[in-house]
Amino acid sequence: MPNHMINRRALLRAGILTGGLLTGVASASTAVFARTAQPANGTAPDQRPATPDQAWATLREGNRRWVDGTATHPHQDIDRRREVAQKQDPFAVVFSCIDSRVSPELIFDTGLGDLFVVRTAAQTIDPLVTGAAEYGPAELGTPLVVVLGHQRCGAVTAAAESLHEHKKLPGELDTIASALRSAYKRSGGDIDKMIRINTIDVVKQLKKDKLFVPRIAKGELKVIGAYYSIDTGVVTRLV
């Protein structure tokens, strides 16, 4: 590999360029996370999950702690801040809604340097957002992308009402409604179904991404969809 490529990779792993680059279906009853003491794959608590399945198991376990009220708030101290100051190597990308009640670092009980988080209203996606999601897997080998929808999504509700009443939302909010039009039609106007359909749609779109396809084919990357219950705190896998 040419020296300039090696140097570029080293810089990216150090996080120096980050600021410029980043401005089947399970039912709710069967996909609720297993309550185990630690990930079944045996990954040590401070060892970065190296595979998609290890990354998902780590997120599952963190969510279990969040639900149980036993969150450990890992990687949120001065030592961790110092550790990741010069480099970063997150084990997952979480693409979620902007909703103030849906903070990925909290609901998965993670800390500094653990996740790349991309947030837009109702997980709506465009080329700029796709580029942000691509960064971790393409440049740092992040093995997992999670598209996270959630209960009572305000953006989806507003879009559904707008589409039903044939009234445009103000400003760029109407762009969100347009992006959700297909999910609205296929859901029959049911808000919760619309949330789930849109989440799965975004997963399908990302799975076709030209930077993701070869990594998915090699088993180096998985893109999955999940749903967060605001009432219970439980995350269930959709696809």
Side-chain angles (χ1 to χ4, degrees), residues 1 5-6 8-15 17-26 31 39 41 43 48-60 62-63 87-98 102 104-105 107-108 110 113-150 176 179-180 182-183 195-228 235-239:
M1 181 181 292
M5 291 297 293
I6 295 174
R8 179 173 178 270
R9 178 73 62 176
L11 288 172
L12 287 166
R13 283 196 173 276
L17 300 182
T18 304
L21 290 174
L22 291 184
T23 326
V25 178
N41 55 54
T43 303
R48 176 192 186 270
T51 69
D53 288 343
Q54 288 176 351
W56 181 233
T58 300
L59 291 179
R60 289 169 57 185
N63 181 245
K87 63 178 181 179
Q88 62 171 335
D89 202 11
F91 67 85
V93 176
V94 179
F95 178 22
S96 70
C97 181
I98 61 170
V102 186
E105 294 91 344
I107 66 178
F108 289 118
T110 58
D114 291 330
L115 303 177
F116 283 119
V117 176
V118 182
R119 303 183 69 173
T120 67
Q123 309 88 243
T124 46
I125 192 167
D126 64 14
L128 182 60
V129 174
T130 299
E134 287 175 336
Y135 175 77
E139 298 294 351
L140 300 181
T142 306
L144 180 67
V145 176
V146 179
V147 181
L148 185 65
H150 71 92
I176 299 170
L180 295 170
S182 176
I195 293 166
R196 295 168 186 267
I197 289 171
N198 177 61
T199 300
I200 294 171
D201 283 351
V202 175
V203 170
K204 290 178 179 178
Q205 184 172 339
L206 287 175
K207 281 185 174 180
K208 296 177 182 178
D209 183 80
K210 63 183 179 181
L211 297 185
F212 287 174
V213 168
R215 290 168 173 80
I216 292 172
K218 294 176 183 177
E220 299 171 351
L221 174 68
K222 282 187 178 180
V223 181
I224 67 176
Y227 177 92
Y228 176 66
V235 174
T236 54
R237 183 167 171 176
L238 297 177
V239 62

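Just so it is clear, the model here is predicted, and its values are computed rather than measured.
Distance check: F212 CZ to T130 OG1 gives 8.0 Å after rounding to the nearest 0.5 Å. For the atom pair S96 OG and I107 CD1, the distance stands at 7.0 Å (nearest 0.5 Å). Note that the CD1 atom of I176 and the CD atom of Q123 stand 11.0 Å from one another [nearest 0.5 Å]. We find the CG-CD1 distance between L211 and I216 to be 10.5 Å, quoted to the nearest 0.5 Å.
Looking at T142 and R48, their side chains come closer than 4.5 Å, going by heavy atoms from C-beta outward. Under the 4.5 Å side-chain criterion, counting only non-hydrogen atoms from C-beta, P137 is in contact with V145.
Residues meeting the side chain to side chain contact (heavy atoms under 4.5 Å, CB included) test with A92, sequence neighbours left out: L59, L115, L144. Applying the side chain to side chain donor-acceptor pair (under 3.5 Å) test to N198 and every residue at least two apart in sequence or in another chain returns nothing. Not counting sequence neighbours, the partners of A179 by the side chain to side chain contact (heavy atoms under 4.5 Å, CB included) test are T124.
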* Asked: What do the steps show when you test L206 against V202 for side chain to side chain contact (heavy atoms under 4.5 Å, CB included), and what is the final call?
  -> CA-CA 6 Å; L206 287 175; V202 175; 4.2 Å; yes

* To do: Check step by step if side chain to side chain contact (heavy atoms under 4.5 Å, CB included) holds for V102 and L148.
  => CA-CA 9 Å; V102 186; L148 185 65; 4.2 Å; yes

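What you find for V129 and D126 is that their closest heavy atoms are N-OD1, 2.9 Å. The two residues T110 and P104 make their nearest non-hydrogen contact at OG1-O, 4.3 Å. Closest approach of P90 to L140, counting heavy atoms only: CD-CD1, 4.4 Å. Taking all atoms of both residues into account, the shortest heavy-atom contact from P143 to P49 is CG-O, 4.0 Å. Residues F91 and A55 share a closest heavy-atom pair of O-CB, 3.6 Å. The two residues V93 and A133 make their nearest non-hydrogen contact at CG2-O, 4.1 Å.
The cationic group of R196 lies under 6.0 Å from the six-membered ring centre of Y227 and within 45° of the ring axis, placing it in a cation-pi geometry.
Within the 3.5 Å criterion, the main-chain N or O of A226 finds no donor-acceptor partner in the side chain of R237. Of the possible donor and acceptor atoms, none in the side chain of R119 sits under 3.5 Å from a partner among the backbone N and O of F95. Side-chain N or O atoms of R60 include none that pairs as donor or acceptor with a backbone N or O of V235 at under 3.5 Å.
Of the residues listed (V117, V94, D114), the one engaging E105 in a side chain to side chain contact (heavy atoms under 4.5 Å, CB included) is V117, and it is the only one.
Listed by first and then second residue, the side chain to side chain donor-acceptor pair (under 3.5 Å) pairs that reach into residues 201-214 are R186-D201, sequence neighbours excluded. Pairs passing the salt bridge (Lys or Arg N to Asp or Glu O under 4.0 Å) check and including a residue from residues 217-228, sequence neighbours excluded, read D53-K222.
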